[in-house]
Amino acid sequence: MYRETVLLLLLCTTFHVAFSVTDGLLPNGNFEYGPKPSELKGTVITAKKAIPNWEISGYVEYIKSGQKQGDMLLIVPSGAFAVRLGNEASIKQKISVKKGSYYAITFNVARTCAQEEKLNVSVSPNNEPNDWGILPMQTMYSSNGWDSYSWAFQADYSEVEISIHNPGVEEDPACGPLLDSVAVKYLSNPKRTRDNLLKNGNFEEGPYVFPNTDWGVLIPSHIEDDHSPLPGWIIESLKAVKYIDSDHFTVPQGKKAIELVAGKESAIAQVVKTIPNKTYVLTFNIGDANNACEGSMVIEAYAGKDSIQVPYVSKGKGGFKAAKLRFKAVSTRTRIMFLSSFYSMKSDNSGSLCGPVLDDVKLISVRNPRRLL
């Protein structure tokens with residue numbers, strides 16, 4: 001079986017076969033199959049097709065876990081190998097997808113040099129000129145230096161090429177982020193129902209979460225709802241929000257939730273159709289993720305011109321409470337938005353940002369408002 005796998009990888013590298021993706025790692029997505037010794041000069045990869053299933057350009061290094069960079073020990077979260085993208089370096093892979101469908105890319109990344117490191121994620125060919133996104137890496141949210149990021153796209157063709165590129169211009173051209181474990185997940189299109197006028201209010205549909213990581217997945221800032229890794233929701237803040245799962249965190253309901261990890265700079269929103277002068281009720285759960293995020297927290301919820309502040313005192317060990325906002329619509333469209341009032345940090349001395357958990361968001365129209373009094 002091992003020989004067949006290696007042969008398949010080598011054949012696909014030679015003939016550039018585009019793999020049909022399923023939810024999970026891309027072929028050789030964790031870079032465990034690496035260059036031949038003859039294709040390496042120290043750690044620098046010298047041939048553009050040296051990593052099976054991938055094509056590289058620019059200054060790309062093949063990094064082994066435990067390798068030292070000055071006084072820094074480079075740790076790889078999954079497996080034994082990762083790649084480092086220097087200035088203007090990129091790595092890409094072709095995959096087969098379902099035309100017209102939405103997909104989310106998830107990958108692990110660690111900063112190794114500059115505070116302002118960033119990655120440009122794109123997919124081609126595509127009819128949309130904005131099917132790319134620059135993901136800033138200046139804020140690290142996990143305690144071990146690695147974060148998982150997500151980015152979404154709509155496939156305009158049945159075969160696309162995913163590219164991850166470091167647009168950096170550092171003084172040291174070798175400086176750049178470490179990249180490991182690239183995965184793709186098909187995104188369904190959640191529908192609004194009579195029981196909930198919000199799409200994906202329980203956050204069950206979202207990006208792929210690596211089962212061997214315990215730090216969640218960051219959904220970056222300024223993400224619109226038509227290309228969101230969190231279907232139905234807009235990330236309209238300056239900082240990311242974190243997508244968490246019940247396998248690694250305490251989640252109020254279901255298997256997924258959102259952690260608002262950057263105070264008022266961490267916000268999500270959704271615009272819904274409403275009838276002016278009609279009464280609506282917005283309900284949601286606020287809690288903590290059982291991740292040593294302790295202290296007083298507040299989630300602010302907005303529905304058009306109405307708002308509510310819901311406090312929650314966290315012991316950092318899991319728990320939640322329900323909240324409700326009753327309002328009367330003033331227009332045909334109402335923006336529902338959530339943010340955290342304060343910055344919070346974990347009590348484990350890691351300095352990692354954390355925050356309140358939001359889950360089970362529901363919006364219903366009320367036929368008889370007096371029943372809610």
Side-chain angles (χ1 to χ4, degrees), residues 12 16-30 53-55 90-108 119-135 148-165 179 181-193 196-211 216-236 240-241 243-245 254-258 268-273:
C12 292
H16 310 293
V17 173
F19 275 87
S20 179
V21 299
T22 55
D23 292 352
L25 277 178
L26 292 181
N28 198 25
N30 54 6
N53 304 101
W54 295 93
E55 183 176 325
S90 66
I91 189 162
K92 56 188 180 180
Q93 182 176 146
K94 288 182 179 179
I95 59 172
S96 293
V97 290
K98 184 178 179 182
K99 184 178 178 181
S101 296
Y102 290 89
Y103 294 87
I105 302 168
T106 304
F107 58 89
N108 291 332
L119 284 175
N120 182 4
V121 185
S122 62
V123 62
S124 63
N126 232 325
N127 297 329
E128 293 288 337
N130 295 325
D131 265 347
W132 56 272
I134 293 182
L135 281 54
S148 296
Y149 275 86
S150 62
W151 184 78
F153 67 93
Q154 184 179 22
D156 292 333
Y157 297 87
S158 58
E159 181 179 297
V160 298
E161 186 172 70
I162 293 171
S163 175
I164 302 176
H165 165 239
L179 179 68
S181 297
V182 185
V184 168
K185 182 175 180 290
Y186 167 81
L187 296 175
S188 67
N189 184 19
K191 304 297 183 181
R192 295 183 172 94
T193 66
N196 194 356
L197 300 177
L198 292 170
K199 286 185 177 181
N200 198 23
N202 56 8
F203 307 116
E204 294 300 297
E205 186 64 25
Y208 183 79
V209 180
F210 293 110
V217 178
L218 295 171
I219 303 175
S221 58
H222 302 301
I223 296 292
E224 295 296 328
D225 57 346
D226 57 344
H227 286 75
S228 176
L230 191 66
W233 293 95
I234 305 165
I235 316 302
E236 58 179 16
V241 301
Y243 191 62
I244 61 174
D245 66 328
K255 295 182 178 180
K256 304 293 195 308
I258 291 294
I268 65 169
Q270 187 170 150
V271 178
V272 295
K273 292 181 179 180

[atom2] on [Y] to [atom1] on [X], rounded to 0.5 Å:
X	Y	atom1	atom2	answer
F153	S101	CZ	OG	9.5 Å
W54	I164	CH2	CD1	5.5 Å
D23	Y208	CG	OH	8.0 Å
L197	Q270	CG	CD	9.5 Å
I234	I268	CD1	CD1	10.0 Å
N189	K199	CG	NZ	4.5 Å

- Message: Would L26 and V184 count as a side-chain contact (heavy atoms from CB on, under 4.5 Å) here? Give the steps.
- Response: CA-CA 7 Å; L26 292 181; V184 168; 3.6 Å; yes

- Yes or no on side-chain contact (heavy atoms from CB on, under 4.5 Å) for V182 and I91, after CA distance, side-chain angles and deciding distance? CA-CA 11 Å; V182 185; I91 189 162; over 6 Å; no

Using atom types as modelled and distance alone, determine if a side-chain donor or acceptor of [X] lies under 3.5 Å from a backbone N or O of [Y].
X	Y	answer
E161	P125	no
N200	P190	no
S228	W233	yes

Of all heavy-atom pairs between [X] and [Y], which one has the smallest distance, and what is that distance?
X	Y	value
P207	K185	C-CD, 3.7 Å
S90	S163	CB-OG, 4.3 Å
A152	L187	CB-CD1, 4.2 Å

Any non-hydrogen side-chain atom of [X] less than 4.5 Å from a side-chain atom of [Y]?
X	Y	value
F210	L25	yes
W132	V121	no
Y243	S150	no
I162	Q93	no
R192	V272	yes

- Which word best sums up how the rings of Y149 and F107 line up, parallel for under 30°, tilted for 30 to 60°, or perpendicular for over 60°?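 The arrangement is parallel - the two ring planes meet at less than 30°.
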
- Measure the acute angle between the ring planes of Y103 and Y186, then classify it against the limits of 30° and 60° as parallel, tilted or perpendicular.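 Rings of Y103 and Y186: perpendicular, as their planes differ by over 60°.
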
